[in-house]
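The sequence lines fix the lettering, A, B, ..., with proteins before strands; numbering per chain opens at 1.
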2 protein chains.
Amino acid sequence: MNRPLILVIDDDIQIRRLLEITLRASGYEVEMAATGREGISIAASIKPDLVLLDLGLPDKSGQEVLREIREWFANPILVLSVLTGEEEIVDALDNGANDYLTKPYRTGELLARVRSLLKRAQPVGNLPSITSGNLNIDLVAKVVKNNGEVLKLTATEYALLVLFARNEGRVLTHQYLLKEIWGPGFLNQSQYLRVYVAQLRKKIEKDPNRPEIIVTESRVGYRFTEGR
Amino acid sequence: MNRPLILVIDDDIQIRRLLEITLRASGYEVEMAATGREGISIAASIKPDLVLLDLGLPDKSGQEVLREIREWFANPILVLSVLTGEEEIVDALDNGANDYLTKPYRTGELLARVRSLLKRAQPVGNLPSITSGNLNIDLVAKVVKNNGEVLKLTATEYALLVLFARNEGRVLTHQYLLKEIWGPGFLNQSQYLRVYVAQLRKKIEKDPNRPEIIVTESRVGYRFTEGR
DNA sequence: CAGCTTTTTTATAAAATCTTTATATCGTAG
DNA sequence: CTACGATATAAAGATTTTATAAAAAAGCTG
């Protein structure tokens, strides 16, 4: 394989230069972008193996850039953030960042993270089916089976279940779920979620009163887990 | 790895000499600076593994030096202060110091702190996860494990634990913790902090009555440490 | 349009979490 | 030793969040 191609999106020319030197010295191809907008368009044209994104961008908020790139970009994204940005980092991870570093950071650590991210083989979310515990979701036929028995789900229930199953083990926030299923205009309609989660539980849980598959994370969201 | 390089910034020649001897005898490289300005420029050129900074400097206030160095310097900074400087210490920690010692201090303690700060040269966690002692925090899934066993934490407990873990070894002031977790309007609600620290201890400490992971720094804050 | 399904809204009980209070404990200064 | 300020902790009280059924509205389909 060729030398991996890394796209650096950072508005600070100093940092950009430093990163370029460091990364090239470690055997990577490097491309640069100074703004979020530029970054998005370059990423689209060169398809880098990894994106290094500084969250403190001037034109678009780094989070927005992240979300936008993530819509079609599957390779790892490593974000840089200032030390104080606790919240920011959590948001970034929610928005699809694979890893993060806080500035100031050590060069060795940066390189190690980059290596580790690149090594990780693309899982690629294009599976024809998802199986988790007793549940099997055929994404092509759009059929869900529980212990081999076909479940009757409405379109919304199905979309929600697929979203959960694709993110097994991790907490999905109310916001995220609402945005993905109903759209960004529904961020405060958490009641929808409660209703649909209850319906799903009624159909997939052994004992809907003591849910084990879709677990509540109070004040945060829900977590889908199967197989302990 | 080489012998760690320590930069001592102190205006008192007596103390400087003493520190130099002590540190060299323990196997460290040592550089000296007598003023804040000098300290900054030396630090910039030699990139020490640790900075030992006396807050009572003549030319610039120690706090200023601290802030300035912290803009680009990522390695640990240990500050020295006189016993009465309660306020001073809190400021220093908020300005990015990793740890502090009050004069007069015992040599053994100084060396222990130095060792502990240096040891924490990130071995690089793989994914966005933090591991510290028996604790493992998966920031993506938002799962905390203690000896492999999943802990049930509320959102606030989780946020607090993450904040601690991301600043391992470092004293976090009450103010800082309150501001980060509850917001700037809660700076005087230190009781919240006590309650939640107690709850966390109950969940992660072997013996909550003799906490080893979240340690109280009376009148200042708390320190999260694992591995001594 | 009539009948069926699905989504959205409403209502209410139950659960979980946060906040406050009360009391005990600890450590230090005098 | 005593008193005081700071800390620890349980537990009560208040508030928010969640679960669920069921009614109302909206969509579909033939």
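In this entry the distance linking NZ of K203(A) with P of dT20(D) reads 15 Å, nearest Å. Regarding K152(A), its NZ atom lies at a distance of 8 Å from the P atom of dT5(C), rounded to whole Å. Between the P atom of dT6(C) and the CD1 atom of I181(A) lies a distance of 16 Å, rounded to the nearest Å. Going from atom CD of E157(B) over to atom C1' of dT19(C) covers 14 Å, rounded to whole Å. At whole-Å resolution of the value, CG in L153(B) and P in dC18(C) are 11 Å apart. Going from atom CG of L160(A) over to atom C1' of dT6(C) covers 15 Å, rounded to whole Å. One interatomic measurement links the two molecules: CZ of R210(B) to C1' of dT25(C), which rounds to 14 Å at whole-angstrom precision. In this structure, the CZ atom of R223(A) is 14 Å from the P atom of dT18(D), given to the nearest Å.
Checked by atom type, the side-chain pair D91(B)/Q63(B) shows no donor-acceptor distance below 3.5 Å. If you check the side chains of D94(B) and T173(B), you find a donor sitting under 3.5 Å from an acceptor.
Counting heavy atoms from C-beta on, the side chains of P76(B) and D99(B) never come closer than 4.5 Å. Between T225(A) and I213(A), the closest side-chain pair of non-hydrogen atoms is not below 4.5 Å.
At distances below 3.5 Å, not a single donor-acceptor pair connects side-chain atoms of N146(A) with backbone N or O atoms of E149(A).
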Counting primed atoms, P, OP1 and OP2 as sugar-phosphate and everything else as base, the B/S/- map of nucleotides 7-17 of chain D against protein heavy atoms under 4.0 Å is BBBS-----SS

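Note on R113(B) versus E109(B): salt bridge recorded, some NZ/NE/NH1/NH2 to OD/OE distance being below 4.0 Å. Salt bridge annotation for E205(B)-R210(B): absent, with no cationic side-chain nitrogen under 4.0 angstrom from a carboxylate oxygen. For E168(B) and R223(B), the salt-bridge test fails: no basic side-chain N is under 4.0 Å from an acidic carboxylate O.
Applying the side chain to side chain contact (heavy atoms under 4.5 Å, CB included) rule to V162(A) yields the partners I137(A), L139(A), Y158(A), R166(A); only residues at least two apart in sequence or on another chain are considered.
Contact check, W182(B) against dC18(C): no side-chain N or O comes under 4.0 Å of OP1 or OP2. Between Y192(B) and dC18(C) there is no side-chain polar atom (N or O) within less than 4.0 angstrom of OP1 or OP2.
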Are any protein N/O atoms closer than 3.5 Å to N/O atoms in nucleotides 25-30 of chain D? If there are, list each pair with its distance.
none

